[in-house]
Amino acid sequence: MNILLLGPPGAGKGTQAKRLEERYGMVQLSTGDMLRAERASGSALGKQVQAIMDAGKLVSDDIMIALIASQIAGLKDKGFILDGFPRTVPQAEALDVMLKKNGITLDHVIELTVDEEVLVDRISGRFSCKKCGASYHDRYHQPKQAGICEVCGNTEFIRRPDDNAETVKARLAAYHQQTQPILPYYRTTGVLSSVDGMAEIDEVTRQIEAILNKSKG
Ligand code: ADP
Ligand code: ADP
Ligand code: ZN
C-alpha cells in the first residue's frame, strides 16, 4: 500500500508516518528528513538548500522532484508513506508521471487538519531524535522513557533551526499559497480523506488505520 500524508507544518505527519512504518512495514519518505540529512553530511545539495530551509521557504521543484525520483522506484514492493512531498502543483504533477511510469498507484491521500494557533504551539515545543528523526513535544509527547527515543533507542535529540515562531509564519504562508492548491486534484481523483489532526496522537492513528483498513475489505 502506498499513501500520502498531507497537512501544514506541525500537523503530525511525521509522527503518524513513523507509527505506520512500524506497524505496516511501509517506508516513510520524508523530504524534510532527507534534506536535513544532506545538510548534516555537508553535501553540496545540503549547502544549497540551507538558507532556503532556515527562511521557511520551499526548495525548488527540480531539486525535490529529483530527490523523490531517486527513491520511489526502489520502494515499489514495500509500499511507502510520502511525508512532505508533493508541496506544489508541479511536484504533484511530476509525482503522477513518476508513479505511472513505475506502475505504482497511490491508495490513499490523507489530509491532517489542525487549527493554526495549535500548529504554532506544536512547532515551538517540538524536538526530534537526532538519529531517526522521530518527533517529540515538550508538553504533548515526551518519550515514554525520559531521554530515550521510543523508535530507535537513541539518546540524542535536536531542535530544528526553522522551528521558531518567526519562521513558522513563512512556512504556514508557503503551505497556504503553494501546497493547499494540490488538494482539489486529489479530491477529484477520489483518494482523498480528511482526518481531525487536533485529536490525541493515538486517536489520529486509529482514524488513519480505519481508512487504510476500509480498502482491504
Ligand atoms: P509534521 O511532520 O506534520 O511537521 P510532527 O509529526 O513533527 O508534524 O508533529 C509536530 C509536533 O506536534 C511534534 O512536537 C509532535 O510531537 C506533536 N504532535 C504530533 N501530533 C500531535 C497530536 N495529535 N497532538 C498533540 N501533539 C502532537
Ligand atoms: P514540516 O515540519 O513543515 O512538515 P519538513 O520537515 O517537511 O517540515 O520540511 C522542512 C523544510 O524542508 C521546508 O520548510 C522546506 O524548506 C523543505 N522542504 C521539504 N520538503 C519540501 C518539498 N517537497 N518542496 C520544497 N521544499 C521542501
Ligand atoms: Zn530515534
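First listed ligand is number 1; within each ligand, the first listed atom is number 1.
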With heavy atoms and a 4.0 Å threshold, my read on which part of Glu200 contacts ligand 1 is backbone
So the atoms of ligand 1 within less than 4.0 Å of a heavy atom of Gly197 turn out to be 23 (N)
The closest protein heavy-atom partner of atom 26 (N) of ligand 2 is Val59 N, 3.1 Å
Note: ligand 2 atoms sitting under 4.0 Å from heavy atoms of Gln91 are 22 (C), 23 (N), 24 (N), 25 (C)
Using a 4.5 Å side-chain heavy-atom cut-off and chaining through intermediate ILVMFWY residues, the residues clustered with Met198 come out as Val114, Val118, Leu119, Val120, Ile123, Val168, Leu172
Margin query: Tell me whether Gly7 reaches ligand 1 (any heavy atom closer than 4.0 angstrom to a ligand atom).
Written below: no
So is Gly32 in contact with ligand 1, going by heavy-atom distances below 4.0 Å? no
Short version for Tyr136: what comes under 4.0 Å of ligand 1, heavy atoms counted, is backbone
Is it the case that ligand 2 has an N or O less than 3.5 angstrom from some N or O of Asp162?
no
For Leu35, the ligand 2 atoms with a heavy-atom partner under 4.0 Å come out as 12 (O), 17 (C), 18 (N), 19 (C)
Closest heavy-atom approach to atom 10 (C) of ligand 2 among Arg160, Met34, Arg126 is made by Arg160
Pair Asp202 + Arg19: basic N to acidic O under 4.0 Å | yes
Atom 8 (O) of ligand 1 has as its nearest protein heavy atom Gly12 N, 3.2 Å
**Prompt:** Does an N or O anywhere in Asp83 fall below 3.5 Å from an N or O of ligand 2?
**Reply:** no
Heavy-atom proximity to atom 15 (C) of ligand 1 ranks first, among Leu5, Thr15, Leu6, for Thr15
Checking heavy atoms under 4.0 Å, the part of Ser128 that sits near ligand 1 is neither
(Q) Looking at ligand 2, is there an atom of it that comes within less than 4.0 Å of some heavy atom belonging to Arg36? (A) yes
Counting from 1 in the order shown, the ligand 2 atoms closer than 4.0 Å to a non-hydrogen atom of Thr31 are 19 (C), 20 (N), 21 (C), 23 (N)
- Message: Do Tyr24 and Glu209 pair up side chain to side chain, a donor and an acceptor below 3.5 Å, judged on atom types alone?
- Response: yes
Margin query: If hydrophobic clusters are built from ILVMFWY residues whose side chains come within less than 4.5 Å, do Val89 and Tyr185 share one?
Written below: yes
Note: ligand 2 atoms sitting under 4.0 Å from heavy atoms of Lys13 are 4 (O)
